[in-house]
**Student:** 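For reference, the structure I am asking about is given below.
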Amino acid sequence: MADTLSSKAHEDLVEAAGMPVGSGVIKPDYDPRLTNEDLAPLRKQTWGSYNIFAFWMSDVHSVGGYVTAGSLFALGLSSWQVLVSLVVGITIVYFFCNLVAKPSQVTGVPYPVINRAAFGVLGANVPAIIRGSIAVAWYGIQTYLASAALDVVVLKIWPGLAPWADVDQHGFLGLPALGWCTYALLWVLQAAVFWTGMEAIRKFIDFCGPAVYVVMFALTGYLIAKAGWGAIDLNLGEVKYHGLDAIPIMLGAIALVVSYFSGPMLNFGDFSRYGRSFSAVKRGNLLGLPVNFLMFSILTVVTASLTIPVFGELITDPVATVARIDSTFAIVLGALTFTIATIGINIVANFISPAFDFSNVSPQRISWRAGGMIAAVGSVLITPWNLYNNPDVIHYTLETLGAFIGPLFGVLIADYYLIRRQVVDVDAMFTMSPEGRYHYRKGYHPPAILATAIGAVVAVIPVLWTGGPHMHTIAQYSWFIGCGLGFLVYLGTARKPD
């Protein structure tokens, strides 16, 4: 009877993850302390190029992505210099995403599991907790951005609620009563989508990205009709830098693009594991990154530039732009679309990652969806609206994010491609035997821990020491510094397998 109940519980767990029973292949000798159906190698990999393409569309097409892309065109560079920076930056992201995708696609395991080869079967919890914790903060911020978009809809339909949107009149912990209501609503909606599992999430993100393109093209068409084609200007501010003086600014823009994608880029294996082939994953990456990101960025700057002649001021928030249209239907449709899109990026970038990461810490106690709910609760406790309302928070957060994520990326790439020559013993990642290939020292691999620590500490110094000489400039490259140091230190200290 007990065995029957246990079996039923396992089946419920797998079904909750949106996969058919048996999707994770658990062999008899797999240790329960390292294994559940969500972490085990997949029996069947079904995602095609469009699913990966849609993943990146959901990741890019959000309020945060719009503001980030728009900010690059306001750095004082000419439009062609910004476009060159965007091409170089997104090409770097595309190249690195292919590198991190292959080990998980080949083995069928998520990011925290593939790390066991480099960090040890227990040491893999170090990168899992780091990545999961960062995702929690971003999950809260993105939920707040989506709730702010929803506030626009609510106030347009019921303008009498305006006092409840004033934090000074009806506020608590920095958020007005209306904000609390919309945040709570979106928190529940996101949890509901996540709860239904990966297959439902796949269908959701397949819809989100294209939906935003429809609204973006419609919004652009509306503004062009109002202002005329001649009003389009790809420079959102005065061009301040020319010739060699523009190079440092362009390099900073390239670094910002890489830092923006550093989170989903690191744990992209959580999604590439579902790819039916590595070729399909690469095609999806090509369409979703260079092609899609450049198209979205151009649409962003065209839309933002047209707000000046149409509304008399530069508006870089798409929801605020939609709110100025003299049509309740258009406002509601546009704001709801951006809300849905932001939910999409939140689930793919900041919910699924900690779900696998926290499950990896204690597979038998924390299921995939339990790990996601831990992240969801944590996202409220940090009051993300207070973080986001700090003017420097976007750049500061991206630089800190890069400082800690860079070394993890460097270690993973050095281990898989140079130390192991793309050969991984999948079964060894699920055993606690002292003779296991990835047991190392009591489950931990010192070279990986050392490389991560050195890379993160050195990379975060310029981020925190803002008053130091040239530290502000150096901080922009925290991801590259951390990645390079993690890569080199690990390569110099890790032994190649016999």
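Start at 1 with the first residue, then count along the sequence. The shown structure was predicted, so the numbers you read here are calculated from the model rather than taken from an experiment.
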**Student:** Write down the atom of W385, the atom of L173, and the distance for their closest heavy-atom approach.
**Tutor:** NE1-O, 2.8 Å
**Student:** For T220 and T303, does a side-chain donor sit closer than 3.5 Å to a side-chain acceptor?
**Tutor:** yes
**Student:** Any chance the side chains of R273 and S104 put a donor and an acceptor closer than 3.5 Å?
**Tutor:** no
**Student:** Could you verify whether a donor N or O on one side chain and an acceptor N or O on the other, from T307 and E313, lie under 3.5 Å apart?
**Tutor:** no
**Student:** If you look at every heavy atom in A403 and S478, which pair is closest and at what distance?
**Tutor:** N-OG, 3.6 Å
**Student:** Between D357 and N360, does any side-chain donor sit less than 3.5 Å from a side-chain acceptor?
**Tutor:** no
**Student:** Could you pull out all residues at least two apart from R420 that satisfy side chain to side chain contact (heavy atoms under 4.5 Å, CB included)?
**Tutor:** A117, D415, Y438, Y440, Y490, P497
**Student:** What I want to check is whether the side chains of N36 and S359 have a donor and an acceptor closer together than 3.5 Å.
**Tutor:** yes
**Student:** Return the set of residues passing ring pair (Phe, Tyr, Trp, His ring centres under 6.0 Å) with F293 (not counting sequence neighbours), or none when no residue passes.
**Tutor:** F261
**Student:** Minimum heavy-atom separation for A376 and Y139, please, with both atom names.
**Tutor:** CA-CE2, 3.8 Å
**Student:** Just by distance, no angles: are the side chains of Y416 and N115 close enough, under 3.5 Å, to form a donor-acceptor pair?
**Tutor:** no
**Student:** Restricting to ring pair (Phe, Tyr, Trp, His ring centres under 6.0 Å), what partner residues turn up for F96, sequence neighbours left out?
**Tutor:** F409, W479
**Student:** Test your reading of the model: is there a side-chain donor-acceptor pair from R116 to the backbone of L34, 3.5 Å cut-off?
**Tutor:** yes
**Student:** Who pairs with F356 by ring pair (Phe, Tyr, Trp, His ring centres under 6.0 Å), at least two apart in sequence or on another chain?
**Tutor:** W368
**Student:** Residues two or more places apart in sequence or in another chain: which of them pass ring pair (Phe, Tyr, Trp, His ring centres under 6.0 Å) with F55?
**Tutor:** F268, F271
**Student:** Once side chain to side chain donor-acceptor pair (under 3.5 Å) is applied, do any residues pair with K102, and if so which ones, sequence neighbours excluded?
**Tutor:** Q422
**Student:** Which heavy-atom pair separates I92 from V258 by the least distance, and what is that distance?
**Tutor:** CG2-CG2, 3.9 Å
